[in-house]
Amino acid sequence: MIPTEFAESYPARKERLSTQMKSATGGVRLAKSTSNLFRDRIDVETSQLTVRDFNHLLTIDENEQTLTTEGMITYADLVDATLEYGFLPMVVPQLKSITIGGAIAGIGIESSSFRYGLPHESVLEMDVLLADGSVVTCTPDNEHSDLYYGLPNSYGTLGYTLKLKTPALPVKPYVRLDHMRFQDPIEFFDAIKQVNESDIDFLDGTVFQAGEYYLTTGRFCDSAPFVSDYTYLNIYYRSIREKENDYLTVKDYIWRWDTDWFWCSKNLYVQNSLMRRIVGKKRLNSMTYTKVMRWNSKWGVTRFLNRITGFHSESVIQDIDIPIDRASEFLDFLLAEIGVLPIWICPIGTTEKSTSFPLFPLSSETMYVNFGFWDSVKSRQRSKPGHLNKKIEEMTAKLGGIKSLYSDSYFDEEDFWQAYRSEDYWQLKKKYDSDGKFLNLYEKCVLRK
Ligand SMILES: Cc1cc2nc3c(=O)[nH]c(=O)nc-3n(C[C@H](O)[C@H](O)[C@H](O)COP(=O)(O)OP(=O)(O)OC[C@H]3O[C@@H](n4cnc5c(N)ncnc54)[C@H](O)[C@@H]3O)c2cc1C
């Protein structure tokens, strides 16, 4: 076991936070340096809980192949730390500033999810700070197992994860990628179903337009005949159309989508090579783009430009999980009625635990496919606020899918609680936040409080 210098100071820092929580009145919010929430919030008065120093790797156990981290460590820092020992967390979300606690409370995913499920499914135990200031350790089978299973998709409304233990995956230095093109959506999703799990380490896909679908497999390897670099002038998503196979270092594979925020950097005009040189390699990443988008949202530059040019726009930023047998119907719907392209496709395999998380219930009988699509849809026609997002919510429910809650939601309250299991939620709320110090899930994720 290799403890880092921070393991020793964790109990004292935890104590400080516990005292802060006890004295907090009214609502509580996390004060941390980064966030990947993508909805504008209504300002409500809250106490800020300073968690910026809960961002360390605490121990790594090479024999047991586990790692213990603090909840607010970003995956960028975590990956840097674990790769030094030749390990990675089992599922590393694609954006560098996502934190491990955020990926559990707000649901993460990546191309290893076809094998390991979502990040919360591989957690072994967690320390959770509750509304009354106490910290409980929860595991799948101790007296707080209800909280262990209830925390995923709870968005900080039941408690905050301060520390957690997860398996560590031994990795090789390189990843070989193979991009396969499909024209028929049924064949595309069938190919996902037929993937032989033992043969590959990563699997995701990209829909560029109707009739142009790519499946990308990744395999760890010890050496590479050449190594591509998509951290500056070359753009990863374009390479999918251009190359049949490719090699990346394991670290560049993990962050392949971050440099251009998948493809969303196009909205900031940095996919042009002159602009890339002006902006500089260091600033080409999701953290820069998030700052620019928040600045834009605050000052309303796009809103102003739309107004003077006579456009109406709706932000459609969603990740939706659909059972694989209904995936081609959902794709047809997105192509015909929403029109945001490209679309990221990521299969989610079932694990023993898949069914057990009440606030993000997935069936263990079927594989799911995550559809990620992120853009602003412009029209000359004025529609009701959220009309495309509402359509997506309705189609998701019809096909037996589930939607992530990190961006805009328009559910009415009854539909919301049907999808995210009100009975289980309110039992947890009663047990772990009986005075309602935290907002509830509907207030936070739909009412934007
Ligand atoms: C444009 C966009 C693209 C995305 N793409 C991906 C993707 O490709 N892959 C992927 O995996 N995910 C993706 N996400 C979703 C992302 O993983 C979630 O939004 C996640 O919750 C963000 O984590 P964060 O650490 O930034 O949390 P924050 O944004 O800071 O917080 C999210 C919520 O979780 C709560 N929270 C944060 N930390 C904790 C904690 N330690 N304990 C309890 N509650 C906590 C907060 O209170 C808040 O309600 C995307 C999000 C956006 C906006």
Side-chain angles (χ1 to χ4, degrees), residues 30 35-37 54 57 66-75 78-79 82 88-95 97-130 136-142 144-169 319-321 346-364 366-370 372 401-406 419-421 424-425 428-429 432 438 441 444-445:
L30 291 179
S35 168
N36 287 280
L37 273 187
F54 281 79
L57 174 67
T66 57
L67 46 102
T68 305
T69 78
E70 290 175 336
M72 288 73 181
I73 188 170
T74 61
Y75 276 97
L78 183 55
V79 163
T82 58
L88 276 177
M90 286 177 141
V91 182
V92 181
Q94 300 84 344
L95 308 181
S97 63
I98 293 175
T99 63
I100 190 161
I104 291 160
I107 307 297
I109 185 170
E110 226 301 55
S111 56
S112 54
S113 289
F114 78 99
R115 179 177 290 164
Y116 302 117
L118 303 173
H120 56 261
E121 296 182 49
S122 51
V123 171
L124 301 170
E125 67 173 54
M126 289 183 268
D127 275 7
V128 181
L129 173 66
L130 300 177
V136 295
T137 300
C138 50
T139 70
D141 40 28
N142 73 358
H144 297 298
S145 63
D146 53 351
L147 187 60
Y148 172 93
Y149 287 109
L151 216 71
N153 210 33
S154 65
Y155 278 86
T157 66
L158 296 174
Y160 295 122
T161 308
L162 299 185
K163 183 174 96 166
L164 40 87
K165 184 173 173 185
T166 68
L169 189 69
D319 272 76
I320 308 282
D321 301 340
C346 187
I348 308 166
T350 53
T351 68
E352 257 175 51
K353 286 191 197 152
S354 303
T355 38
S356 319
F357 299 94
L359 308 187
F360 205 77
L362 297 177
S363 159
S364 58
T366 175
M367 191 178 216
Y368 286 75
V369 175
N370 178 85
I402 187 158
K403 153 182 151 121
S404 294
L405 296 172
Y406 65 77
Y420 301 96
R421 304 247 178 113
D424 297 275
Y425 181 74
L428 287 159
K429 196 75 174 158
Y432 292 105
F438 303 128
L441 196 61
K444 203 160 183 185
C445 297

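Side-chain contact annotation: Tyr406 with Asp319, donor-acceptor N/O pair under 3.5 Å present.
Classification of the Phe357-Tyr148 ring pair by plane angle, with boundaries at 30° and 60°, yields tilted.
Between the Thr139 side chain and the Glu125 main chain, no donor and acceptor come within less than 3.5 Å of each other. Lys429 contributes a side-chain N or O that, together with a main-chain N or O of Thr157, makes up a donor-acceptor pair within less than 3.5 Å.
Between atom CG of residue Leu158 and atom CG of residue Leu428 there is a gap of 5.5 Å, rounded to the nearest 0.5 Å. Rounding to the nearest 0.5 angstrom, the gap separating the OG1 atom in Thr99 from the CD atom in Glu70 is 12.0 Å. Atom CG in Leu441 sits 8.5 Å away from atom OH in Tyr420 (nearest 0.5 Å). Atoms OH and SG, on Tyr155 and Cys445 in that order, are 5.5 Å from each other to the nearest 0.5 Å. With rounding to the nearest 0.5 angstrom, the CZ atom of Phe360 is 5.5 Å from the CG atom of Asn153. Here Lys165 contributes atom NZ and Thr66 contributes atom OG1; the two are 4.5 Å apart, rounded to the nearest 0.5 Å.
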| said: Using side-chain contact (heavy atoms from CB on, under 4.5 Å), reason through Leu78 and Leu57 one step at a time and then give a plain yes or no. | reply: CA-CA 7 Å; Leu78 183 55; Leu57 174 67; 4.0 Å; yes

| Derivation of the side-chain contact (heavy atoms from CB on, under 4.5 Å) call for Thr161 and Val123 | CA-CA 11 Å; Thr161 308; Val123 171; over 6 Å; no

| field | side-chain contact (heavy atoms from CB on, under 4.5 Å) between Met72 and Leu30, worked out | value | CA-CA 10 Å; Met72 288 73 181; Leu30 291 179; 4.2 Å; yes

| task | Show your working on side-chain contact (heavy atoms from CB on, under 4.5 Å) between Val79 and Leu88 and close with a plain yes or no. | result | CA-CA 6 Å; Val79 163; Leu88 276 177; 3.9 Å; yes

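Ala419 approaches Ile402 most closely through the heavy-atom pair O-CD1, 4.3 Å. The shortest non-hydrogen separation linking Ile348 to Met367 is O-CG, 3.2 Å. Of all the heavy atoms in Gly117 and Val91, the pair that sits closest is O-CG2, 3.5 Å. A pairwise comparison of heavy atoms in Ile100 and Thr166 identifies CD1-CG2, 4.4 Å as the closest pair. The two atoms that bring Leu359 and Arg421 nearest to each other are CD2-O, 4.4 Å, heavy atoms only. Between Cys346 and Glu110, the shortest heavy-atom contact is SG-O, 3.1 Å.
Residues Pro358 and Tyr425 have side chains not in contact (no heavy-atom distance under 4.5 Å, counting atoms from C-beta outward). Side-chain contact check for Cys138 versus Tyr149: every heavy-atom pair is 4.5 Å or farther apart. Residues Leu164 and Ile104 meet the side-chain proximity criterion, which asks for heavy atoms closer than 4.5 Å.
The one candidate from Leu151, Val136, Leu130 that meets the side chain to side chain contact (heavy atoms under 4.5 Å, CB included) condition with His144 is Val136.
Note: Tyr432 and Phe438 fail the aromatic proximity criterion, with ring centroids not under 6.0 Å apart.
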